[in-house]
Peer 1: 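Here it is, the structure in full.
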There are 2 protein chains.
Amino acid sequence: MECGARLFAERGYHPTSVADIVATLGVGKGVFYWYFASKEELLTELLKASNHDLRKRQQHALGDEADPVRRIELGIRASLSWFAEHREYFAIIQFAATDETFAPVLARNREISIADTIRHLKDGIVDGRIADRDPTLLAHAIHGVVAELTSHALVDSSLSVDEVADLCVAFCLEGLCG
Amino acid sequence: MECGARLFAERGYHPTSVADIVATLGVGKGVFYWYFASKEELLTELLKASNHDLRKRQQHALGDEADPVRRIELGIRASLSWFAEHREYFAIIQFAATDETFAPVLARNREISIADTIRHLKDGIVDGRIADRDPTLLAHAIHGVVAELTSHALVDSSLSVDEVADLCVAFCLEGLCG
DNA sequence: GCCGCGCTTGACCGCTCGGTCAATGTTCAC
DNA sequence: GTGAACATTGACCGAGCGGTCAAGCGCGGC
């Protein structure tokens, strides 16, 4: 059912009407409002489900790895591979971040993810493996790299996810100067 | 005139009607369509103008600096300080990237900016100052860090732009492990 | 056979939107 | 003073939207 919402990704939320969605599915409009209270709820549901799935993937990827630096690396790789398999969601999430209706949900999701990263960073800093800089800003920096490289990897599919992930990790750990 | 378009930033493009804009300005609807062919053109014009202004700022900041690494640093700082002074535009640009109507314009703008960064990166690589990795991906990584830290700095105003810029540069050059 | 009900339909409603335009005010040059 | 060009108004339009709902369908229980 929610598969019919790849339309949001292709054409954007506002330009996609409920009529478009049900027409693509070949069903009447009523069936949509039988399962969702509103068009808004569909997007919210999409956001919740995708976030839940992504986090599950990350937690599974981290396993019981103890090294904080390695945990960060695994988190990055998990994010990239998840988005590679769910390309539609990238555009959806990016739009949702710009709409005041959905921004709060998304902000909460991201805060949780950032908080996780911050924890690993702090661990790494007390271990002396990570330079002692504001962990919050570092966490955002990492998320920025991941988001942008995800976006780029989705467009330029000539690169494999692993290649991108390798560079992403290298950049985050060693910077430009290596 | 275009100042009335901070509404786009506050409420988003689609939720802001032309009627809202002219009401805020206290003028009739006709005056809007005297200056702009359509609502769409207003956003396009906004994007063009902001991109032009940002690039001007960057070129001015770079001056005649020869060191490629330093040029990258100055570019980063220029971006951050420009967005700090034009907060409204961040949300607008972020939205425009998700809308298929405006994405092409924005993509071109960004490609130019990325191309600049790539040039500096290549210079740095032949100098041996920058690790020999795919310059395109590195450029996107840098832009990702800048975008995310910009976004975060706009929300959390407790940090000065310079503090954020310092960390941003440090992260890009040295990574987490410094 | 027939009822009840979960599910589905699509015509329809009210509303808001982007965009138009005849009418009118304002400002010059001459 | 007068008229042409400029600038502005806001009522109005058709389109398309999100959302509703009376009517119908199919199917299992009795």
Side-chain angles (χ1 to χ4, degrees), chain A residues 1-51 88-89 91-107, chain B residues 1-51 88-89 91-107:
Chain A
M1 285 295 173
E2 311 195 355
C3 288
R6 85 190 69 241
L7 289 175
F8 282 164
E10 288 170 9
R11 300 151 58 160
Y13 177 73
H14 286 294
T16 303
S17 69
V18 176
D20 288 338
I21 297 173
V22 297
T24 303
L25 261 46
V27 298
K29 213 186 235 184
V31 73
F32 180 93
Y33 286 96
W34 181 264
Y35 290 104
F36 301 100
S38 65
K39 181 187 175 186
E40 189 179 316
E41 190 183 283
L42 168 60
L43 218 197
T44 308
E45 222 58 44
L46 248 34
L47 292 176
K48 276 202 279 192
S50 63
N51 186 60
E88 327 84 70
Y89 284 95
I92 295 175
I93 292 173
Q94 201 177 340
F95 161 77
T98 71
D99 188 296
E100 62 175 304
T101 313
F102 307 109
V105 188
L106 224 58
Chain B
M1 285 295 174
E2 313 196 351
C3 288
R6 86 189 70 242
L7 289 176
F8 282 164
E10 287 171 10
R11 299 151 60 159
Y13 176 73
H14 288 293
T16 304
S17 69
V18 176
D20 290 338
I21 297 173
V22 297
T24 303
L25 261 45
V27 298
K29 213 186 238 186
V31 73
F32 180 92
Y33 286 97
W34 179 264
Y35 291 105
F36 302 101
S38 66
K39 182 186 176 187
E40 191 179 314
E41 189 183 284
L42 168 60
L43 219 196
T44 307
E45 221 58 45
L46 248 34
L47 293 176
K48 277 202 277 191
S50 62
N51 185 60
E88 326 86 71
Y89 284 96
I92 295 176
I93 291 172
Q94 201 177 337
F95 161 77
T98 72
D99 189 296
E100 62 173 311
T101 312
F102 308 108
V105 188
L106 225 57

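When reading the values below, keep in mind they use all heavy atoms of this one structure, side chains included, and skip hydrogens, waters and symmetry mates. This one's a predicted model, so the numbers in the text were calculated from it and none came from an experiment. Protein chains get the first letters and strands the later ones, always in sequence-line order, with residue 1 at the start of each.
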Peer 1: Reading nucleotides 18-24 of chain D 5' to 3', which nucleotides get B (base under 4.0 Å from a protein heavy atom), which S (sugar-phosphate only), which -?
Peer 2: BBBB---

Peer 1: Please name all residues satisfying side-chain contact (heavy atoms from CB on, under 4.5 Å) with B:Asp99, sequence neighbours left out, ordered by chain then number.
Peer 2: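 Partners of B:Asp99 by the side-chain contact (heavy atoms from CB on, under 4.5 Å) criterion, ordered by chain and then number, come out as A:Pro15, B:His14, B:Phe95, B:Thr101, B:Phe102.
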
Peer 1: Rounded to whole angstrom units, what separation is found between the CZ atom of B:Phe36 and the C1' atom of D:dT8?
Peer 2: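 My rounded result for the distance is 16 Å.
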
Peer 1: Quick one: is C:dT8 close enough that its OP1 or OP2 comes under 4.0 Å of any side-chain N or O from A:Tyr35?
Peer 2: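 Looking at the OP1 and OP2 atoms of C:dT8, one of them is under 4.0 Å from a side-chain N or O of A:Tyr35.
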
Peer 1: What residues, two or more places apart in sequence or in another chain, satisfy ring pair (Phe, Tyr, Trp, His ring centres under 6.0 Å) together with B:Tyr33?
Peer 2: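 So B:Tyr33 forms no ring pair (Phe, Tyr, Trp, His ring centres under 6.0 Å) with any residue.
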
Peer 1: Of all the choices, D:dA7, D:dT9, C:dG6, which nucleotide is nearest to the side chain of B:Trp34 once you look at every atom?
Peer 2: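 When the side chain of B:Trp34 is considered, D:dA7 is the closest of D:dA7, D:dT9, C:dG6.
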
Peer 1: Could you state the CZ-P distance from A:Phe8 to D:dC17, rounded to the nearest angstrom?
Peer 2: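 In whole Å, D:dC17 P lies 12 Å from A:Phe8 CZ.
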
Peer 1: Measure the distance from CG on B:Leu42 to C1' on C:dG18 and round it to the nearest whole Å.
Peer 2: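 To the nearest whole Å, that distance equals 13 Å.
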
Peer 1: Of all residues at least two apart in sequence or in a different chain, which pass the side-chain hydrogen bond (donor to acceptor under 3.5 Å, both in side chains) check with A:Ser17?
Peer 2: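 Testing A:Ser17 for side-chain hydrogen bond (donor to acceptor under 3.5 Å, both in side chains), a comparison that skips the adjacent residues, returns A:Asp20.
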
Peer 1: Taking C-beta and beyond as the side chain, do B:Thr98 and A:Ile92 meet within less than 4.5 Å on heavy atoms?
Peer 2: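 No, too far: nothing below the 4.5 Å cut-off.
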
Peer 1: Filter on salt bridge (Lys or Arg N to Asp or Glu O under 4.0 Å), then keep only pairs touching residues 31-42 of chain A, sequence neighbours left out; what's left?
Peer 2: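 Those involving residues 31-42 of chain A do not exist here.
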
Peer 1: Closest approach of A:Leu106 and A:Ala97, non-hydrogen atoms and distance?
Peer 2: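 The pair with the smallest heavy-atom distance is CD2-N, 3.4 Å.
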
